[in-house]
Amino acid sequence: MTSAHAEHVNGELPHEPEKATLEGRNKTLGFWLFLGGEAVLFGTLFATFLALRNSNNDGPTAAELFSLPITAIATAILLVSSLTSVFAIQAMHRHDLQKLKVWLIVTVALGLAFLGLEIYEFYEYVAHESFGLTTSAFSSAFYTLVGFHGAHVAFGVVWIGLLIAQLYRKGLTVVTAPKVYVSAMYWHFIDVVWVFIFSVVYLLGKVG
Amino acid sequence: MDWLTTVDHKKIGILYLIAGGFFFGIGGIEAILIRLQLIKPMNDFVSAQVFNELITMHGTTMIFLGVMPVIFALMNAVIPLQIGARDVAFPFLNSLGFWTFLFGGVLLNLSWVMGGAPDAGWTAYTPLSSSTYSDSHGVDFYTIGLQIAGLGTLIGGINFLVTIITMRAPGMSYMRMPMFTWASFITSAMILFAFPAITVGLVLLSFDRILDANFFDVAAGGSPVLWQHIFWIFGHPEVYILILPAFGIISDVIPTFSRKRLFGYSSMVFATILIAFLGFMVWAHHMFTTGLGPVANALFSIATMLIAVPTGIKIFNWLFTMWGGQISFPTANLFAVGFIPTFVMGGVTGVMLASAPADYQYHDTYFVVAHFHYVIVGGLVFGLLSGLHYWWPKMFGRMLSEPIGKWTFWTFAIGFHLTFFVQHFLGLLGMQRRIVSYLPNQNFDTLNLISTIGALLMGVGILLFLYNIIITSKKPKNAKADPWEDGRTLEWSIPSPPPEYNFKQTPLVRGIDALWKEKMSGNKGMTPAEPVGSIHMPSPSILPFIMSLGLFIAGLGFMFSREGFNNSFMSFIFNNYLVLIVGLLITFGAMITRSLIDDPGYHIEPEDQEEEEKA
Ligand code: HEM
Ligand SMILES: [Cu+2]
């Protein structure tokens, strides 16, 4: 067959290797659609949170719990990691494998830092504020929304980690490039979701 | 073994058909049991608890495990052929979607033998579905089984979307796509936006039940109406996810057997899109009686009635297609034409229900039951039976028997109207839905008896269809490429059943009804768009099966994580989440394997293509 087979044409890697094959293009498109579904998923979680955010059932309220400095740092970390993943893709377009790996590693490291902060935050709530999943409808909605996002970050960290390993083994090819590209899309997506969480959960909780 | 590892969309279609058919059978048996219980007043054929389980499992099984997979079977079997593609966009994911559906369905049905099926209705309304009122594991099987099966549906939806967007043959513009492909395209988009909502709903409900979260628990600030919103924001689009493919089938079958092109093709396309769009705007018409208030009720009422406009356009287009055509009535077309009046009746009762004040009377009566069975059985199941009879030769290379097919149609259709027509009156007379029995002499007795007789007759129709399949499978595979002789679309331009690679040469499409167009210009077949060459195919893989198995194990692990077992070993592995973890490890392990080992696929060379052609 034709374009699906560009990978057998051993020659120059094209400028945008992620779009060189039909598989690669399909992957990108499929992933865009998948993110559309993810948007509905988070949308439903946000709606649930908004419906229940004042139902704290004698448990702690949002205003009592949240500490904006910590979440602001977390936000900054995640935003920077989006930037570093852009650098990674730019390196990929320059076919600079070395830089690509470095920027991905930085991205993963930032992701881990974010997760560390989140775990610390949850630990504080549970240990010192007796605010657990079962405390109130608000707590259930909070942990589910923020936890879902955290799980997405964790998944992304493992995923990009594995991709880095693949880049070490196989280098940059028309097979690995689409994977890197969609993982960066994913990373931006969870970043955007976090921006919403920061506004809707934390800012609104503190001031709203 | 071949079947466990296949990534060929045609074989996956057959797998969906077998599995969907199997669950359809289970759902059918449940239906018959329900009707036997209601055959006479004060019957004690089954207990109230079992009755609740039966109605819950009947609805759930039919919608999620019966008709959805059969729709997917036809989509898999037909879409790539209709758009002139050699494959779907993601063959591996296609197989994964099938296996997650199957394992989810098996998990759900295991509930029958593992301590009680779900018993809170197919809508699982809280607080009925909370652990307070439903304390067996039934609803856990529901949340987790549907979660796993729903994943498969979502994967399938994305796969079809990408396939249709990127894999169309040269010349196959959007406005030349056959209607079944169009309908499947829109359906897939609806799946993409509706299923994540129920995914969240099921997670929340299982958190409430298994982890003691408080989403729907009023005492802790939760809200049961929230569940209804989440359920119906998925649930109403879901009913259009079910019916649009049937519209697509009918739109392909009627022109073929009228020897005329579809009347108003572009209006059909836009009506489909409009229905899908409106489908997302009307979910609260299921909740008129929850107290949303007059403003919300009025808005949702009007939005609902608007759907009748594009639906009406479709109905008239089908009628105009037949008008003046040279109509013939093989079984496929009988079901297609039989679909029109039944669906119209369902639509009319739909508009009646959409009137909020009237709905206060109809709600939760047999009138609603009659309405949705008219659209789902009289619409969708008729459509599926039409499509199955129509594409059977393409899928299996054998023609179903026409005389038996006619018997199937008449017994099924008559049985159907007997069963559900009278239920409108039962509802208007005040018989509630979901009740295990009723008192004598309330004018319910005779109508219920008729309804049960009708259900048995429908059962006979389905048995005849099965009999037809069995005797057909013993016949030689001699169906022609274009067995109806009036085939209009691309799937009829290649052998029945198609070779592994579908099209030896990708065809060049020159108009709507591509094959018909060539026939009319005096050509024998499609003009190829590329020279004969080596064809690349993806390799089979067992990983999708293993991933789904892992999810299945993890699901059981999660569900029983709080269970008090008598056996200390069982307690140890379940209560410490070991089973859950092992299951997830299996799934993630298979995912990692997949990502590390690239699939080079294989090639079918032109010589071998010749051989396959002769075989
Ligand atoms: C012509 C368009 C339609 C309209 C205006 C309409 C309207 C309605 C309304 C207002 C209800 C709620 C009744 C109540 O619970 O009191 C309802 C229930 C229902 N409809 Fe429709 N409907 C239409 C088409 C369909 C189609 C095409 C399907 C499926 C293929 C469908 C399946 C259902 C189901 C399953 C229920 C009952 C859900 C339950 O409570 O268990 N409807 N419909
Ligand atoms: Cu509805």
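Order of the sequence lines fixes the chain letters, A, B, ..., with proteins taken first and strands second; residue numbering starts at 1 for each chain. These numbers were taken from a predicted model, which means no experiment stands behind them. Atoms considered below: every heavy atom in the structure, side chains included; atoms not considered: hydrogens, waters and symmetry mates.
Using a 4.5 Å heavy-atom cutoff, the side chains of B:Phe588 and A:Phe155 are in contact. Residues A:Phe148 and B:Val203 meet the side-chain proximity criterion, which asks for heavy atoms closer than 4.5 Å. Looking at heavy atoms from C-beta onward, B:Ser595 lies in side-chain contact with A:Gln166 at the 4.5 angstrom threshold.
Comparing B:Gly201, B:Gly222, B:Ala220, B:Gly601 by how many heavy-atom pairs each has under 4.5 Å with chain A, the most go to B:Ala220. Contact tally against chain A (heavy-atom pairs below 4.5 Å) for B:Ala197, B:Ala189, B:Gly157: the top residue is B:Ala197.
To the nearest 0.5 Å, atoms OG1 (B:Thr166) and CG (A:Asn26) are separated by 3.5 Å. How far CD1 of B:Ile155 is from CZ of A:Phe34: 9.5 Å, rounded to the nearest 0.5 Å. Taken to the nearest 0.5 Å, the CG atom of A:Leu33 stands 12.5 Å off from the CD1 atom of B:Ile191. The CG atom of B:Asp208 lies 11.0 Å from the OG1 atom of A:Thr134; values are rounded to the nearest 0.5 Å.
Heavy-atom contacts from other residues, nucleotides or ligands closer than 6.0 Å to NZ of A:Lys99 number 12 or fewer. Within 6.0 Å of OH in B:Tyr174 there are more than 12 heavy atoms belonging to other residues, nucleotides or ligands. Heavy-atom contacts from other residues, nucleotides or ligands closer than 6.0 Å to CZ of A:Phe196 number 12 or fewer.
For chain A, the nearby part of B:Leu226 is the side chain; its heavy atoms alone come within less than 4.5 Å. In this structure, the portions of B:Leu596 lying under 4.5 Å from any heavy atom of chain A include both its backbone and its side chain. Residue contact with chain A, scored on non-hydrogen atoms closer than 4.5 Å, is absent for B:Ile233. The parts of B:Phe215 that come within reach of chain A are both its backbone and its side chain, each placing non-hydrogen atoms under 4.5 angstrom from that chain. With a 4.5 Å cut-off on non-hydrogen atoms, B:Ile165 touches chain A through its side chain but not through its backbone.
Of all non-hydrogen atoms in B:Asn214 and A:Thr135, the two that sit nearest each other are ND2-C, 3.7 Å.
In terms of modelled atom types and a separation under 3.5 Å, the side chain of A:Lys27 and the main chain of B:Phe90 share no donor-acceptor contact. Using modelled atom types, no side-chain atom of A:Ser140 and backbone atom of B:Ala213 make a donor-acceptor pair closer than 3.5 Å.
Inspection of non-hydrogen atoms places A:Thr44, A:Leu45, A:Thr48, A:Ala51, A:Leu52 of residues 43-52 of chain A under 4.5 Å from chain B.
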